[in-house]
Amino acid sequence: MIDILTAIRTTGAARAFTDEPVDDATVRDILDDARFAPSGGNRQPWRVAVVADRTLRAELAALMRPVWAEYVAISSTGATPFALGSPNGLDPVDVPNPLLDAIADVPVVLAIAADRRRIALMDGDLDRPAMTGGASVYPFCWNLLLAARARDLGGVMTTFLSRAEPAARPLLGLPDDHVLAATIFLGHPVQQPTKLRRASVNSFATLNRFDGDSFDG
Ligand SMILES: Cc1cc2nc3c(=O)[nH]c(=O)nc-3n(C[C@H](O)[C@H](O)[C@H](O)COP(=O)(O)O)c2cc1C
């Protein structure tokens with residue numbers, strides 16, 4: 001098994017998978033590892049739907065495709081899609097998305113929800129969209145990807161379905177007060193990405209204050 005630092009440094013997004021199946025026992029073991037993630041107050045607000053039904057998967061893909069088309073349209077302007085100040089109302093750009101097109105055959109599709117009643121939203125009263133709530137569920141999502149990697153599997157965390165949450169809610173039986181945090185795809189990657197493009201420490205770490213000197217010299 002790869003060591004923890006190698007795993008942290010080499011677990012890239014994998015969106016194409018071989019035909020090799022991943023059995024339910026393995027998925028169960030991955031979930032069993034991921035549950036050791038931290039969460040605010042240890043409330044463990046995550047819920048997971050293991051989406052096996054091919055028709056349901058296709059319905060979810062149909063909801064994600066327009067979000068992808070919107071994403072591509074905004075990306076083409078150079079803006080970060082759906083970020084603060086990014087353009088909206090652009091004509092969607094219909095580009096194939098191989099992951100969504102292959103969704104019925106992806107070995108594992110996990111819908112990850114979070115129970116808002118178990119999330120202390122520390123910045124929920126500020127005059128801006130809250131940020132801290134996600135921190136009680138995304139470490140769990142990341143643990144899923146690391147636990148998959150430990151088994152020579154790969155995958156990707158996606159959020160496009162969250163943008164279509166109202167339409168996805170009845171399809172997934174998403175309870176009231178639960179939100180859709182992510183959809184995670186797992187399988188045996190066609191290619192395990194290992195050389196990740198990430199900015200260096202001196203691009204984001206400063207001394208004492210965010211306007212301080214570079215922490216990395
Ligand atoms: C919070 C979050 C949301 C993401 N949403 C999507 C998504 O909706 N669709 C998608 O294809 N990938 C999504 N990704 C995957 C990122 O695009 C990917 O992690 C990033 O580009 C780094 O890719 P790399 O590991 O291949 O370098 C998401 C990742 C994170 C952490």
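Read the numbers this way: they start at 1 and go in the same order the structure lists the ligands and their atoms.
Side-chain contact between Val109 and Leu56 is absent, with no heavy atoms from C-beta onward closer than 4.5 Å.
Those atoms of ligand 1 with a heavy atom of Gly12 less than 4.0 angstrom away are 25 (O). Per-residue contacts place Val156 under 4.0 angstrom from the following atoms of ligand 1 (heavy atoms of the residue considered): 12 (N), 15 (C).
Counting only heavy atoms, the protein gets under 4.0 Å from atom 4 (C) of ligand 1.
Phe160 and Met157 fall into different hydrophobic clusters, where Ile, Leu, Val, Met, Phe, Trp and Tyr residues are linked whenever their side-chain heavy atoms come under 4.5 Å apart, directly or through other members.
In this structure, of Arg15, Lys195, Arg198, the residue bringing a heavy atom nearest to atom 17 (O) of ligand 1 is Arg15.
Atom CZ of Arg151 has more than 12 heavy atoms from other residues, nucleotides or ligands within 6.0 Å. The environment of Asp211 atom CG is dense: over 12 non-hydrogen atoms of other residues, nucleotides or ligands sit within 6.0 angstrom.
For atom 23 (O) of ligand 1, the nearest non-hydrogen atom of the protein is Ala13 CB, 3.9 Å. In terms of protein heavy-atom proximity, atom 14 (N) of ligand 1 is nearest to Met157 O, 2.9 Å. The closest protein non-hydrogen atom to atom 6 (C) of ligand 1 is Thr158 CA, 3.4 Å.
Not a single N or O atom of Thr11, backbone or side chain, sits closer than 3.5 Å to an N or O atom of ligand 1. Inclusion of Thr159 in the set of residues having an N or O under 3.5 Å from an N or O of ligand 1 is warranted.
Atom CD1 of residue Ile184 and atom CG of residue Leu161 lie 12.5 Å apart, to the nearest 0.5 angstrom.
With hydrogens and angles disregarded, no donor-acceptor distance shorter than 3.5 Å links the side chain of Arg9 to the backbone of Leu196.
Using the six-membered ring where Trp is involved, Tyr71 and Phe82 have ring planes that are tilted, between 30° and 60° apart.
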